[in-house]
Amino acid sequence: MNKETIEQIIRVTEKDLSEINNYSARDALKDVAKKALKRGVTNRDPIFWPAGLLMLGLSEAATSPSDSTSELISKELNSEIIGNLRAYIDKWIKSGKEVSFVDDSVAGITMIKLYEATGERQFHHGAAKIANFLSQATKNDEESIIYNPARGNDLIYADGAGQAAMFLAKYGTVFHKRNAIALAAKQLINFYNNGFDKKSGLPYHAFSLAEEKKAGIIGWGRAVGWLMLGYSEILSNINKEENHGDGPIGDAILKSTSEKLMSEFYSLIKVTLEYQRPDGGFSWLLPAVEGEADTSATAMIAYSMANWLRSGMFQSHAKELSEEAKEAIQRAKDFLLENTENGSVLQSLSSCEDLAVHRQIYGHYPWGQGSALAFFSITD
């Protein structure tokens with residue numbers, strides 16, 4: 001990685017974020033056609049997960065890059081990134097729009113990071129709105145957040161479980177809300193118990209507790225990525241909260257939860273690494289090693305491992321696995337750079353339209369761009 005490359009990637013990411021809510025007449029016509037075919041239409045929520053991943057990439061570059069990456073980002077560019085993120089979030093807050101989806105959680109992580117970096121209260125306010133939404137969201141009997149209750153089902157998606165866990169873990173640690181950390185842990189533990197394929201050790205896309213069924217395909221790359229991001233974030237933060245202290249009983253419960261999460265995360269990492277491709281990437285469907293590679297899945301998986309490694313806990317708990325992860329991270333980084341042109345991350349799978357509906361269209365998308373920048377920012 002050199003100065004020109006990281007600057008190009010940042011510039012493209014900023015451009016993607018500035019244009020993500022542009023909605024042309026052509027887009028409107030496309031949505032009419034999609035609706036007629038009963039396919040998903042454009043979600044115009046300004047803090048929906050694609051914007052959230054772009055913001056995550058930019059906030060990692062500006063607030064918590066690795067030492068080597070920090071040297072490549074000028075003070076002027078750093079200030080510009082924070083200014084752009086501030087303007088974007090301020091616009092959302094001033095619009096008065098409510099939090100509407102579990103997916104909005106991802107944007108909340110950037111709000112917390114910016115609050116930590118600047119102390120500006122509007123970022124805390126934005127994060128609190130997301131925390132309140134998740135606290136009050138419809139849940140199943142085990143307190144898993146139902147992804148889209150408006151559809152009349154109780155499906156728990158890997159996307160939502162990972163996204164909510166990421167945000168709640170960060171929120172709970174920074175603002176010392178152990179109930180948020182507990183809710184974050186439940187999202188992952190419940191999905192591991194109810195949404196994983198016992199034979200392969202890989203997750204389905206979703207599960208229904210009421211109907212006792214698993215749904216979607218096994219081992220979708222981004223589903224794995226979302227869950228790994230959730231595990232990585234909660235384990236990195238739960239260690240900080242253990243050190244904060246809340247009495248012997250609370251600490252004992254937290255330690256027990258941490259050990260369970262750690263065991264599940266390590267099992268998922270081991271299984272996932274078995275499917276890394278010879279070129280260093282991960283396929284859109286992990287077992288389809290000879291099929292299409294997906295930069296978004298690759299970046300999410302690699303970022304989750306790099307994020308956990310930088311917490312300093314990985315090595316002490318699993319030295320051998322940490323070495324395997326380091327090698328996998330480097331190979332993934334080489335793959336992602338090979339698929340980046342003039343700052344634009346290519347070869348990302350298009351959006352998932354429904355359970356098991358993954359149209360095989362690859363190109364430049366916000367989720368590939370944002371997650372790749374987040375990954376590049378925190379690695380040497």
Side-chain angles (χ1 to χ4, degrees), residues 20 43 45-57 59-60 89 92 98-113 126-140 143-149 155-174 180-192 195 203-207 216 220-238 261 264-265 268 296-297 299-301 303-304 307-308 351-352 355 365-368 370-371 374-375:
I20 198 164
N43 187 309
D45 174 7
I47 60 166
F48 203 50
W49 68 271
L53 280 175
L54 291 171
M55 293 163 69
L56 178 64
S59 63
E60 285 286 29
I89 294 168
W92 170 69
E98 295 301 319
V99 180
S100 304
F101 305 96
V102 179
D103 311 70
D104 294 348
S105 303
V106 186
I109 298 167
T110 291
M111 296 177 200
I112 299 171
K113 284 180 174 291
K129 286 181 67 172
I130 295 171
N132 289 337
F133 170 82
L134 295 175
S135 175
Q136 297 169 20
T138 305
K139 302 174 181 69
N140 68 14
E143 290 194 75
S144 289
I145 299 169
I146 296 172
Y147 188 74
N148 192 349
L155 286 172
I156 310 300
Y157 280 55
D159 320 37
Q163 292 159 357
M166 288 173 72
F167 170 79
L168 288 166
K170 184 77 173 171
Y171 184 84
T173 301
V174 172
I181 297 175
L183 185 58
K186 287 176 182 177
Q187 305 314 302
L188 297 170
I189 291 171
N190 291 347
F191 202 96
Y192 193 87
Y204 282 80
H205 192 172
F207 74 87
W220 176 42
R222 285 206 295 267
V224 173
W226 283 124
L227 291 170
M228 288 182 67
L229 287 169
Y231 278 112
S232 171
E233 194 65 34
I234 193 171
L235 287 168
S236 298
N237 282 283
I238 213 169
L261 289 164
E264 293 173 359
F265 187 37
L268 182 54
S296 61
M300 292 166 75
I301 290 168
Y303 170 72
S304 72
N307 187 42
W308 177 229
S351 62
C352 170
L355 291 174
Y365 292 99
W367 38 93
S371 53
F375 171 56

| remark: Sorted by chain and residue number, the side-chain contact (heavy atoms from CB on, under 4.5 Å) partners of Phe133 (sequence neighbours excluded) come out as Val99
| side-chain contact (heavy atoms from CB on, under 4.5 Å) against Pro50, all qualifying residues, sequence neighbours excluded | Ile20, Phe48, Pro366, Trp367
Side-chain contact, heavy-atom cut-off 4.5 Å: [X] with [Y]?
{"X": "Trp220", "Y": "Cys352", "result": "yes"}
{"X": "Trp308", "Y": "Ser236", "result": "yes"}
{"X": "Lys139", "Y": "Leu183", "result": "yes"}
{"X": "Met300", "Y": "Arg222", "result": "yes"}

Roughly how far, to the nearest 0.5 Å, is the [atom2] atom of [Y] from the [atom1] atom of [X]?
{"X": "Trp49", "Y": "Phe101", "atom1": "CH2", "atom2": "CZ", "answer": "13.5 Å"}
{"X": "Met111", "Y": "Trp92", "atom1": "CE", "atom2": "CH2", "answer": "4.0 Å"}
{"X": "Asn140", "Y": "Ile146", "atom1": "CG", "atom2": "CD1", "answer": "6.0 Å"}

| task | Test Tyr303 against Leu56 for side-chain contact (heavy atoms from CB on, under 4.5 Å), laying out the working first. | result | CA-CA 11 Å; Tyr303 170 72; Leu56 178 64; 4.0 Å; yes
Could you pull out all donor-acceptor pairs under 3.5 Å where a side-chain atom in residues 155-170 meets a protein atom, sequence neighbours excluded?
from, atom 1, to, atom 2, distance (Å)
Asp159, OD1, His205, NE2, 2.8
Lys170, NZ, Glu116, OE1, 3.2

What residues form a side chain to side chain donor-acceptor pair (under 3.5 Å) with [X], not counting sequence neighbours?
{"X": "Lys186", "value": "Glu143"}
{"X": "Ser232", "value": "Asn307"}
{"X": "Thr110", "value": "Ser59"}
{"X": "Tyr171", "value": "none"}

What are the two closest heavy atoms between [X] and [Y], and how far apart are they?
{"X": "Ser371", "Y": "Ser296", "result": "OG-O, 3.9 Å"}
{"X": "Ile112", "Y": "Val174", "result": "CG2-CG2, 3.6 Å"}
{"X": "Ala137", "Y": "Ile145", "result": "CB-CG2, 3.9 Å"}
{"X": "Gly108", "Y": "Ile130", "result": "CA-CD1, 3.5 Å"}

| said: With side-chain hydrogen bond (donor to acceptor under 3.5 Å, both in side chains) as the rule and sequence neighbours excluded, what pairs involving residues 128-138 come up? | reply: none
| Partner residues of Tyr192 under the ring-ring contact (aromatic ring centres under 6.0 Å, His included) criterion, sequence neighbours left out | Phe196
| task | Please identify each residue that fulfils salt bridge (Lys or Arg N to Asp or Glu O under 4.0 Å) with Glu60, with sequence neighbours left out. | result | Lys113, Arg310
| said: Give me each pair satisfying salt bridge (Lys or Arg N to Asp or Glu O under 4.0 Å) with a member in residues 100-111, each pair once, sequence neighbours excluded. | reply: none
| query | Quick check: does any side chain N or O of Ser304 sit under 3.5 Å from a backbone N or O of Ile301, one acting as donor and the other as acceptor? | reply | yes
